[in-house]
Visitor: 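The structure is given below, and queries will be raised subsequently.
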Amino acid sequence: MTDVHITDTTPASTPAPAADGTPSRRDRILESAARAFATHGYRGSSLRDIAREAGCSLTLLDHHFGGKGQLLDAVLQQQHQNCEKRLDGLRASIESAPQVRLEDFVERWANYEFDLYTTPQGRLYLQLMMRLSMESEVEAQRRRD
């Protein structure tokens with residue numbers, strides 16, 4: 001039997017939605033940018049189009065993020081944070097057991113990956129990562145991350 005332990009790497013918190021449950025302006029921008037980058041790639045995405053879809057001005061987008069590269073970094077950070085939150089359930093199920101056989105861990109991980117594809121956010125994440133991994137305009141470090 002092989003023991004498996006996942007360490008907690010919980011990221012810093014992100015801004016919470018408004019009290020009425022609507023996403024913050026920053027979250028709307030990040031969501032619009034994630035969809036644009038996933039659909040059109042980094043080079044094919046326009047900041048003007050992202051701002052229009054997010055319902056904000058180009059000036060406001062620039063104020064929040066400073067440019068396309070910084071916006072991509074913020075999108076990637078948010079997407080990774082969302083995945084970290086999803087991993088919390090997997091971590092909890094593994095850490096609650098005194099020992100986990102490698103086969104059980106692999107099964108749980110495979111279920112996690114399959115479930116990721118079944119959610120709209122998960123599909124967006126996977127599409128974004130696949131699209132960016134093939135783009136030469138995106139720095140090699142960003143593609144690896």
Side-chain angles (χ1 to χ4, degrees), residues 2-95 100-145:
T2 305
D3 292 343
V4 178
H5 180 72
I6 297 177
T7 58
D8 185 14
T9 57
T10 306
S13 63
T14 56
D20 63 359
T22 60
S24 69
R25 180 178 293 146
R26 184 177 196 281
D27 287 340
R28 285 195 318 268
I29 293 170
L30 290 173
E31 181 69 23
S32 296
R35 280 195 302 271
F37 291 143
T39 303
H40 306 292
Y42 180 76
R43 187 171 139 210
S45 296
S46 155
L47 290 178
R48 188 173 312 281
D49 291 341
I50 292 169
R52 184 177 23 254
E53 184 184 330
C56 71
S57 69
L58 190 55
T59 305
L60 183 66
L61 191 145
D62 186 59
H63 169 74
H64 276 289
F65 300 100
K68 198 173 184 180
Q70 294 89 338
L71 178 58
L72 177 61
D73 289 341
V75 165
L76 293 174
Q77 180 182 13
Q78 183 188 52
Q79 293 294 319
H80 289 305
Q81 287 173 347
N82 290 341
C83 280
E84 283 291 326
K85 288 176 189 173
R86 289 181 49 82
L87 275 172
D88 286 345
L90 178 62
R91 282 188 191 106
S93 73
I94 291 169
E95 290 174 352
V100 177
R101 291 187 359 222
L102 182 58
E103 294 82 13
D104 292 338
F105 174 77
V106 170
E107 180 180 345
R108 290 175 189 188
W109 181 259
N111 288 336
Y112 163 81
E113 289 294 324
F114 178 77
D115 289 345
L116 182 65
Y117 185 75
T118 64
T119 66
Q121 290 173 335
R123 284 192 303 274
L124 176 62
Y125 173 78
L126 294 170
Q127 183 181 3
L128 176 65
M129 295 303 120
M130 291 301 296
R131 178 71 136 169
L132 294 178
S133 71
M134 297 181 288
E135 292 224 4
S136 60
E137 291 86 5
V138 176
E139 296 171 12
Q141 184 62 43
R142 285 182 179 143
R143 287 194 312 256
R144 279 191 299 272
D145 290 345

Visitor: Show, in sequence, the C-alpha distance, side-chain angles and deciding distance for Thr39 and Gln127, and conclude whether the side chain to side chain contact (heavy atoms under 4.5 Å, CB included) test is met.
Guide: CA-CA 8 Å; Thr39 303; Gln127 183 181 3; 4.3 Å; yes

Visitor: May I have the step-by-step check of side chain to side chain contact (heavy atoms under 4.5 Å, CB included) for Leu30 and Gln77, ending in yes or no?
Guide: CA-CA 10 Å; Leu30 290 173; Gln77 180 182 13; over 6 Å; no

Visitor: Indicate the atoms forming the closest heavy-atom contact of Ala34 with Leu128, along with that distance.
Guide: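 The pair with the smallest heavy-atom distance is O-CD1, 4.0 Å.
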
Visitor: Report, one line per pair, each donor and acceptor closer than 3.5 Å where one atom sits in a side chain of residues 43-51; sequence neighbours left out.
Guide:
{"from": "Arg43", "atom 1": "NH1", "to": "Glu137", "atom 2": "OE2", "distance (Å)": "3.3"}
{"from": "Ser45", "atom 1": "OG", "to": "Ala36", "atom 2": "O", "distance (Å)": "3.0"}
{"from": "Ser45", "atom 1": "OG", "to": "Phe37", "atom 2": "N", "distance (Å)": "3.4"}
{"from": "Ser45", "atom 1": "OG", "to": "Gly41", "atom 2": "O", "distance (Å)": "2.5"}
{"from": "Ser46", "atom 1": "OG", "to": "Arg48", "atom 2": "N", "distance (Å)": "3.1"}
{"from": "Ser46", "atom 1": "OG", "to": "Asp49", "atom 2": "N", "distance (Å)": "3.1"}
{"from": "Asp49", "atom 1": "OD1", "to": "Arg52", "atom 2": "NH2", "distance (Å)": "2.3"}

Visitor: For residues 54-66, dump all side-chain donor-acceptor pairs below 3.5 Å to protein atoms at least two apart in sequence or in another chain.
Guide:
{"from": "Ser57", "atom 1": "OG", "to": "Leu60", "atom 2": "N", "distance (Å)": "3.0"}

Visitor: How far does CG of Leu76 sit from CD of Gln81, to the nearest 0.5 angstrom?
Guide: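 That separation rounds to 11.0 Å.
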
Visitor: From Ile29 CD1 over to Glu53 CD, what is the distance, rounded to the nearest 0.5 angstrom?
Guide: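 Answer for the CD1-CD pair, Ile29 versus Glu53, is 11.5 Å.
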
Visitor: Supply the atom-to-atom distance Leu124 CG to Arg131 CZ, rounded to the nearest 0.5 angstrom.
Guide: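 That separation rounds to 12.5 Å.
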
Visitor: So which atom in Gln79 and which in Gln121 form the shortest heavy-atom distance, rounded to 0.1 Å?
Guide: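 What the structure gives for the nearest pair is OE1-O, 4.3 Å.
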
Visitor: Nearest 0.5 Å, please: how far is CG in Leu126 from CZ in Arg123?
Guide: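 So the gap between those two atoms works out to 9.5 Å.
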
Visitor: As a quick check of understanding, evaluate salt bridge (Lys or Arg N to Asp or Glu O under 4.0 Å) for Arg91 and Asp88, giving each step before the final call.
Guide: CA-CA 5 Å; Arg91 282 188 191 106; Asp88 286 345; 3.0 Å; yes

Visitor: Tell me if the CZ atom of Arg35 is crowded by more than 12 foreign heavy atoms within 6.0 Å.
Guide: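 More than 12 heavy atoms, drawn from other residues, nucleotides or ligands, come within 6.0 Å of this atom.
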
